[in-house]
Number of protein chains: 2
Amino acid sequence: MGNKRLTVREIAKLAEVSVATVSRVSRGTGQVSQETRERVLRIIEEYGYRPSQMGRTLAEQRHGMVAIVFPGLAGPYFSELTQGFESQAMEAGTGVHILVTHHRPDSDDSVLDMASRVDGIAIHGDTVRAETLRRVAAEVPVVVLAGRPMDGVPAVRADNSTIGELTRHLLVDHGYRRLAFVGNPGGSPDVTDRWEAFQAAHRQARVTAPRNPVPLGLQQSDGVLAAGELLDGRRPPRAVVCANDETALGVLIGALGRGLSVPGDLAITGFDDVPMASLVQPRLTTVRQPIRELGATTARLLISGLGNRGAVMDAVLATEPVFRESCGCPRT
Amino acid sequence: MGNKRLTVREIAKLAEVSVATVSRVSRGTGQVSQETRERVLRIIEEYGYRPSQMGRTLAEQRHGMVAIVFPGLAGPYFSELTQGFESQAMEAGTGVHILVTHHRPDSDDSVLDMASRVDGIAIHGDTVRAETLRRVAAEVPVVVLAGRPMDGVPAVRADNSTIGELTRHLLVDHGYRRLAFVGNPGGSPDVTDRWEAFQAAHRQARVTAPRNPVPLGLQQSDGVLAAGELLDGRRPPRAVVCANDETALGVLIGALGRGLSVPGDLAITGFDDVPMASLVQPRLTTVRQPIRELGATTARLLISGLGNRGAVMDAVLATEPVFRESCGCPRT
DNA sequence: TTGTAGGCGTTATCAT
DNA sequence: ATGATAACGCCTACAA
């Protein structure tokens with residue numbers, strides 16, 4: 001325990017070869033005679049030698065590591081995103097560093113610091129200020145995840161407009177009036193888009209949209225809170241369009257807890273199509289977004305972009321509405 | 001964009017001083033005359049110089065970074081844990097690297113690799129094999145989080161036995177028979193402890209415990225699945241003790257979705273006391289565990305332990321039962 | 001107060 | 001096939 005690790009030089013001395021040979025053997029590059037290789041390998045094994053990342057990083061001028069920056073990590077969304085991202089990074093032999101800002105005020109510093117510890121950074125939505133984004137991009141390749149491209153920084157995102165189809169469905173197909181929107185448009189580009197699509201659908205259906213959204217977060221508990229705010233008021237909405245499934249689930253729980261019938265008294269829709277969406281009763285009508293693919297595409301773009309600039313600048317992944325029962329549709 | 005970053009030497013030349021002085025100024029150590037400092041600072045500012053982490057790490061022989069290894073990151077538990085951990089790390093001026101294994105078979109390699117990129121590692125529960133834990137501990141300080149100490153590796157965990165009090169409460173105070181336990185004891189030390197406390201409480205109350213638990217994961221969707229398994233069977237349980245709040249919430253949702261009354265037809269308890277626990281209807285009876293503190297304590301122990309070996313070896317944080325309505329207690 | 005020079009551990013070039 | 005040696009960028013005795 002705590003045996004100071006040996007260095008190339010020491011291994012070289014023990015194996016009676018030069019450091020160059022040890023390096024060649026340990027990383028399997030270049031030509032080394034069978035005999036020498038075995039001798040060196042034996043010493044490496046015996047002393048448990050492992051090349052130091054510090055030295056290697058400096059010599060190779062690369063970290064073999066990329067980072068992904070999130071605002072938080074509650075909920076299945078970030079978990080999926082991470083898995084997609086990591087799967088691709090792993091394939092490229094690159095490690096992944098997750099950085100969570102938790103909306104801390106000094107988080108921009110952490111991101112900047114991170115910039116000098118990795119070969120590239122994927123930044124989720126509005127986690128850092130535009131100014132910071134620029135500075136980071138000046139140091140390492142950056143890809144915006146679930147946001148808009150900016151100043152030459154490419155982006156990967158999902159098509160949020162599909163939530164408009166859901167809204168139209170509620171308005172036109174079901175004939176509901178008085179819809180509410182749960183989500184904070186100022187919180188992230190995704191929610192901004194969704195709120196706008198929600199409004200646009202109202203305009204197209206020539207129905208007056210609510211003036212304001214219910215500006216809460218994206219966690220389940222926020223949905224429960226929203227349910228309280230909406231349902232205990234004087235004129236509860238007939239249907240509520242949520243910025244994501246977690247809040248929709250929260251609203252559903254809140255509504256059922258109040259003895260309301262869903263969709264009878266209140267229709268509810270979400271966004272993401274997380275596993276829970278099809279497990280609850282009634283099942284959740286939502287928009288399916290390829291979260292894993294989103295993460296994977298981001299990683300690919302980031303890692304390939306480490307070399308060549310100027311590939312895709314704005315990848316928008318397709319999404320699709322999933323009609324189940326929480327909106328009032330019959331079970332198929 | 002892509003302007004190759006300047007090095008100490010170049011800044012030194014521009015400021016007409018030595019590299020030593022630049023270093024002194026940039027890191028604020030040693031004595032530098034007011035005049036010189038300002039001149040150097042101006043150049044640093046002007047060219048946006050920031051010392052390379054690569055060089056610094058190698059020279060200082062430390063990364064200024066610790067890692068925390070998780071099996072996954074769905075749910076509020078890991079989010080809280082991370083925040084507690086980061087708050088302390090931040091105070092020590094240390095960065096935090098989050099590594100998620102996702103139960104991947106090759107994840108042990110990632111952890112090993114990580115060992116040479118950070119100054120210390122906190123490993124959650126059963127995320128790595130014992131053998132791997134040993135090898136990692138041979139390279140850097142390690143703390144086990146939510147698990148037992150092992151081979152000189154200290155641990156920080158919560159007192160899981162309190163779930164026995166909950167079980168006793170259901171058995172004795174409410175007189176329920178036929179309890180079920182949801183959670184996979186093989187999945188993590190925490191669940192192992194909880195399952196054992198559940199059984200022990202049965203023995204003390206002289207009631208026969210169920211032979212087997214419902215061995216599912218710790219996510220909400222697992223709870224919904226468990227509800228299906230338990231409630232659609234021939235002899236549904238009268239009460240179900242869940243390994244954590246997420247699954248308890250899932251069971252609750254599943255039960256309510258089947259038209260059952262909770263706690264009338266089925267009593268439910270959880271573990272953690274997450275925000276949702278007190279927001280659902282009925283509110284969840286559970287065990288409160290100081291998750292944030294758990295993370296914070298782990299970080300402190302890890303970072304302090306970077307220097308001196310031999311501090312606390314097994315910190316067990318207190319937990320307390322929280323009686324609400326899902327167990328059948330009246331609303332207070 | 002400031003500068004010189006060696007070292008941190010690795011990789012890679014260029015001889016041999 | 002192998003070895004000497006120069007980077008890589010920074011920090012820090014030690015010297016001046």
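Chain identifiers are assigned alphabetically (A, B, ...) following the order of the sequence lines, protein sequences preceding nucleic acid strands; residue numbering begins at 1 within each chain.
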Exercise for the section: State yes or no: are the ring centers of His124(A) and Tyr77(A) separated by less than 6.0 Å? Expected result: yes
Problem - Exercise: identify the closest heavy-atom pair between Ala137(A) and Val153(A) - result: CB-CG2, 3.8 Å
Fill in the blank from the handout: Checking Asp108(B), Thr127(B), Asp109(B) against Thr132(B) for side-chain hydrogen bond (donor to acceptor under 3.5 Å, both in side chains), the one that qualifies is Asp108(B)
Practice task
Round to a whole Å and report the spacing from NE2 of His63(A) to P of dC8(D).
Solution key: 16 Å
Problem - Any side-chain heavy-atom pair of Pro189(A) and Asp126(A) under 4.5 Å - result: yes
Problem - Distance in angstrom units between Arg39(A) CZ and dA1(D) C1', rounded - result: 12 Å
Problem - Interatomic distance where CD belongs to Gln31(B) and C1' belongs to dT12(D) [whole Å] - result: 15 Å
Problem - Side-chain (Thr298(A)) to main-chain (Leu294(A)) donor-acceptor, under 3.5 angstrom - result: yes
Exercise for the section: At under 4.0 Å between heavy atoms, which parts of nucleotides 7-16 of chain C does protein reach? Answer with one letter per nucleotide, 5' to 3': B base, S sugar-phosphate only, - none. Expected result: BBBBSB----
Problem - Salt bridge present between Arg5(B) and Glu10(B) (N-O < 4.0 angstrom) - result: no
Practice task
Name the nucleic acid region contacted by Thr57(A), choosing base, sugar-phosphate or nothing; use a 4.0 angstrom heavy-atom cut-off, strictly under.
Solution key: nothing
Handout entry: Estimated bend of the helix from dT1(C)-dA16(D) to dT16(C)-dA1(D) (axis per five terminal pairs, rounded to 10 degrees)
Key = 40°
Practice task
For the pair Glu86(A) and Arg104(B), find out whether any cationic side-chain nitrogen is under 4.0 Å from an anionic carboxylate oxygen.
Solution key: yes
Practice task
Check whether any side-chain nitrogen or oxygen of Ser33(B) sits under 4.0 Å from OP1 or OP2 of dT2(C), and answer yes or no.
Solution key: yes
Problem - Value in whole Å for how far the C1' atom of dA1(D) lies from CD of Glu35(A) - result: 11 Å
Handout entry: Salt bridge flag under 4.0 Å for residues Glu139(B) and Arg50(A)
Key = yes
